[in-house]
Undergrad: 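I have a structure here, written as structure tokens, and I will follow up with some questions on it.
Per chain, numbering begins at 1; letters A, B, ... match sequence-line order.
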Amino acid sequence: TQLLEQSPQFLSIQEGENLTVYCNSSSVFSSLQWYRQEPGEGPVLLVTVVTGGEVKKLKRLTFQFGDARKDSSLHITAAQPGDTGLYLCAGWGSSNTGKLIFGQGTTLQVKP
Amino acid sequence: DTAVSQTPKYLVTQMGNDKSIKCEQNLGHDTMYWYKQDSKKFLKIMFSYNNKELIINETVPNRFSPKSPDKAHLNLHINSLELGDSAVYFCASNTGTGASPLHFGNGTRLTVT
């Protein structure tokens, strides 16, 4: 069974601080995705990383896929209150099972 | 235009009852899913359908029965509801190819009392 371990589970920081969320597994994933979920809504895709070592930037968010395609990280620079939400990493298995496996999520609170 | 819509948004019912959740997508996607999000926010896949055909059934109790009348609709019927069924249920869809992202509905919060 492929599992994704996300850390930290909760993060409360002040506006302007930087943070990193980690997503780790002992399994190889063909690709990893990061989603953001706000209260009362479904998760919304932020990014997909496919190639080992890949780095993608989305404004103040930087996503990295590990060289071995077993882990990923999300770094937010100068966090803002609007970044508050639940961040979920999710991986498509390497054996093409058609299943998107989610990590436990990181709840981020950015205080003004 | 809502891409993936599910109804109802909230469902409160008593143990032992039977209830249904409906889902429709207007994205032209071939694959649809049901996920369950527990109180700790963990999202777990339950079922997936590709073009009305069941592809994934993740050892969900057979009290849960999905039905896909066409590729734009995937409904979830739950018999003999139990307290542990309380959760938020999300419908999602994608093209079913490669790393195609999932498009989620806004969830149905089911509370069993």
Side-chain angles (χ1 to χ4, degrees), chain A residues 1-11 21 23 28-52 54 56 58 63 65 69 72 85-109, chain B residues 2-10 21 23-25 27 29-51 53-60 74 87-110:
Chain A
T1 305
Q2 292 183 300
L3 292 172
L4 280 166
E5 301 272 347
Q6 230 180 294
S7 63
Q9 288 194 342
F10 300 98
L11 200 48
V21 177
C23 180
V28 174
F29 288 90
S30 60
S31 64
L32 269 175
Q33 296 175 332
W34 285 89
Y35 291 79
R36 182 176 159 205
Q37 184 180 9
E38 301 205 34
E41 298 182 7
V44 175
L45 179 76
L46 293 172
V47 78
T48 300
V49 285
V50 179
T51 308
E54 183 176 4
K56 278 192 174 177
L58 191 66
F63 304 86
F65 200 11
R69 292 188 289 131
S72 182
L86 176 68
Y87 289 83
L88 298 156
C89 68
W92 290 100
S94 57
S95 55
N96 197 29
T97 59
K99 284 186 218 177
L100 186 62
I101 308 296
F102 281 85
Q104 310 100 309
T106 296
T107 298
L108 171 65
Q109 182 188 40
Chain B
T2 305
V4 180
S5 58
Q6 30 181 136
T7 54
K9 176 79 174 169
Y10 300 97
I21 307 171
C23 179
E24 176 182 3
Q25 55 96 3
L27 296 167
H29 287 161
D30 287 331
T31 306
M32 295 185 73
Y33 305 80
W34 279 110
Y35 276 82
K36 179 180 179 180
Q37 188 170 47
D38 62 24
S39 57
K40 294 183 179 179
K41 306 295 185 187
F42 181 58
L43 266 168
K44 186 168 168 31
I45 188 168
M46 300 173 69
F47 302 102
S48 82
Y49 271 73
N50 182 272
N51 223 342
E53 186 182 333
L54 179 66
I55 301 297
I56 295 171
N57 181 341
E58 275 294 285
T59 59
V60 176
L74 180 61
V88 182
Y89 292 84
F90 284 97
C91 176
S93 72
N94 71 351
T95 62
T97 58
S100 168
L102 262 55
H103 294 255
F104 285 86
N106 284 334
T108 296
R109 180 175 292 278
L110 172 65

Undergrad: Quick check on B/Ser100 against chain A: is it the side chain, the backbone, both or neither that has a heavy atom closer than 4.5 Å?
TA: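 Just its backbone gets close to chain A.
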Undergrad: Counting only non-hydrogen atoms closer than 4.5 Å, does B/Lys44 touch chain A with its backbone (N, CA, C, O), its side chain (CB onward), both, or neither?
TA: neither
Undergrad: So which part of B/Asn94 gets closer than 4.5 Å to some heavy atom of chain A, the side chain, the backbone, both or neither?
TA: side chain
Undergrad: What's the verdict on side-chain contact (heavy atoms from CB on, under 4.5 Å) for A/Gln37 and B/Phe90, showing C-alpha distance, side-chain angles and the deciding distance?
TA: CA-CA 12 Å; A/Gln37 184 180 9; B/Phe90 284 97; 3.3 Å; yes
Undergrad: Between B/His103, B/Glu58, B/Lys9, which shows the greatest number of heavy-atom pairs under 4.5 Å with chain A?
TA: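 The candidate making the most pairs under 4.5 Å is B/Glu58.
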Undergrad: Is it the backbone or the side chain of B/Lys41 that comes under 4.5 Å from a heavy atom of chain A, or both, or neither?
TA: both
Undergrad: Contact between B/Ile45 and A/Leu100 at the side-chain level, heavy atoms closer than 4.5 Å - yes or no?
TA: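 No, too far: nothing below the 4.5 Å cut-off.
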Undergrad: Can you see which heavy atom on B/Leu102 is nearest to which on A/Tyr35, and at what distance?
TA: N-OH, 3.0 Å
Undergrad: If the test is side chain to side chain contact (heavy atoms under 4.5 Å, CB included), which one of A/Leu45, A/Leu46, A/Val44, A/Val47 qualifies with B/Pro101?
TA: A/Leu45
Undergrad: Given heavy-atom pairs under 4.5 angstrom as the criterion, report whether the side chain, backbone, both or neither of B/Gln37 touches chain A.
TA: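 Looking at B/Gln37, just its side chain touches chain A.
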Undergrad: Pick from A/Gly105, A/Gly91, A/Pro43, A/Gly42: which one has the most heavy-atom pairs with chain B under 4.5 Å?
TA: A/Pro43
Undergrad: A/Gln9 side chain to B/Lys40 main-chain N or O, any donor-acceptor pair under 3.5 Å?
TA: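 Not at all, since once roles are kept as given, no pair shorter than 3.5 Å links the two residues.
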Undergrad: CZ of B/Arg109: more than 12 outside heavy atoms within 6.0 angstrom?
TA: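 Not buried by this count: 12 neighbours or fewer within 6.0 Å.
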